[in-house]
Amino acid sequence: MAVDNNRQAQQKIYTQYAPKMLSVCRQYIKDIHHAEDLMITAFMKVFTHLKNFENKGSFEGWIRRIMVNECISFIRVQKKVSFLEDEYYKEDTFNNIESRFNVDDIQSLIDGLPDGYKMIFNLYAIEGFKHKEIADMLGINEGTSKSQLSHARRILQEQINKLKNYENGTE
Amino acid sequence: MEADFREKLNKREIIPSNHAWDRLDAMLTAADEKKPKSNYTWLFIAAGFVGLLLVATLFFKNSSPQDAIQNEVVIENNNVKETPKDTEINQPLTPQVAPETQLALESEIPIKGKERISNKKQVAPQLNANQNQVAENKSNRPKVATPTHVITNAVAVQEVQVDDLIANSENATRESYKKQLVKVDANALLSQVDSELELSFRERALQVVNKNYKTVKVALSTRNQE
């Protein structure tokens, strides 16, 4: 019914998915108002291209992908983010520590990353894309994606260590 | 650690502001209003295209009248069958038809003098010839109705006792008309009738005037010859 521009059906879809999608947009955009604007624009695209949705994957995943693409486009156009062709990276991961951070702390940690690092980290660690997919999506080399992720992890690790030391009273 | 980040962020939900849906609704409404405009545009384009096609069809149809005539001969044949037009059918033989019309007028008037009878001398053979011609046409195109008033006029002439004169001139005129009748092509006649039917009002009016003028001219020439 939403395909036929039935407004009630569209509102039902919006009500069901808007909270989760605003959370997705918030991962990429620090300002909540900008994030909401992007979410509305993305929902507009969802309803406009609803007839193109093939029932191959989940509907939520399809909407989520549109949200992510909208946020990436916004960051790349508005903030003019460019990725340095830096292919130096280290296969490092976080220290296997028990996470005691709540979601707001995690969001604060991600918000502290530069836009380029944040984008790669979100795409790889949160959305689950592979480096090849990220490279195709952003038009960069696969090595660049890996190096950006490595830098993001290093910065996050440093911030987590600072927080731990602050909580332990060592700083 | 990253899995923990993913799990917690994916579970998170942020309630949008109250007027977020209103804004989206307004955008959707604006988008819906834009769509019909584009549909009308395409409709106008399609209508213009159809109009051009019609004009082109009419133009090419008028530019090749032979094809149209060939295609419509059968249809017009039916029309002729329904409303017989004696003058149009006999038009190629207008010199012969004109006396016939004179004869029809004179047959109603009582004949007194020799002059009138002498008129009949010339008219009567032609009348018989016309009868033959009509019969010929009838045999060629059996669907075409025969003019009945010619036959009735012939009976009237016979009542004036000109049989002897008719018999004398009948053989000579019959031969001459047979030659002429051979030249008459039924299809050509029909084509001519068709072309006349398709003409515009102005052209038709001109043709009628022209035809009447020829009729009068022939009548005058016939009278002068007499």
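Quick note on labels: first sequence line is chain A, next is B, and so on, each numbered from 1. Basis for what follows: all heavy atoms, side chains included, without hydrogens, waters or symmetry-related copies.
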- Query: Using 30° and 60° as the class limits, which term best fits the ring planes of B:Phe5 and A:Phe121: parallel, tilted or perpendicular?
  - Reply: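 Perpendicular: the ring planes of B:Phe5 and A:Phe121 meet at over 60°.
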Check your understanding: Which one of B:Arg6, B:Arg12, B:Lys8 satisfies the side-chain contact (heavy atoms from CB on, under 4.5 Å) criterion with A:Ile106?
Key ->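 Looking at B:Arg6, B:Arg12, B:Lys8, the match for A:Ile106 under the side-chain contact (heavy atoms from CB on, under 4.5 Å) is B:Lys8.
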Less than 4.5 Å apart, any side-chain heavy atom of [X] and any of [Y]?
X	Y	value
B:Glu13	A:Ser23	no
A:Gln11	B:Leu24	no
A:Pro19	B:Ile14	no
B:Trp21	A:Gln10	yes
B:Ile15	A:Leu22	no

More than 12 heavy atoms of other residues, nucleotides or ligands under 6.0 Å from CG of A:Asn52: yes or no?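 Check passes, neighbour count above 12.
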Hey, could you give me the [atom1]/[atom2] distance between [X] and [Y], rounded to the nearest 0.5 Å?
X	Y	atom1	atom2	value
A:Ile40	B:Asp22	CD1	CG	9.5 Å
A:Tyr14	B:Asp25	OH	CG	11.0 Å
A:Phe47	B:Asp32	CZ	CG	11.5 Å

| message | Under 4.5 Å from any heavy atom of chain B, what part of A:Phe43 do you find: side chain, backbone, both or neither? | response |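 Its backbone and side chain both get close to chain B.
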Note to self: What part of A:Met39 gets within 4.5 angstrom of chain B, counting heavy atoms only: side chain, backbone, both, or neither?
What the structure shows: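 Side chain only.
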Review point. Among B:Glu7, B:Arg23, B:Lys11, which residue forms the greatest number of heavy-atom pairs with chain A at distances under 4.5 Å?
Key: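 Most heavy-atom pairs under 4.5 Å with chain A: B:Arg23.
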Consider side-chain hydrogen bond (donor to acceptor under 3.5 Å, both in side chains). Of A:Arg64, A:Lys20, A:Gln27, which one does B:Asn10 pass it with?
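Only match with B:Asn10 under side-chain hydrogen bond (donor to acceptor under 3.5 Å, both in side chains): A:Arg64.
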*asked:* Checking the side chain of A:Glu36 only, and the main-chain atoms of B:Ser17 only, is there a donor and an acceptor separated by less than 3.5 Å?
replied: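 Indeed, once roles are kept as given, a pair shorter than 3.5 Å links the two residues.
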Practice problem: Could you have a look at A:Asn122, A:Thr15, A:Asp37, A:Thr41 and say which one has the most heavy-atom pairs with chain B under 4.5 angstrom? | Solution: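 Sorted descending by pairs with chain B, the first entry is A:Asp37.
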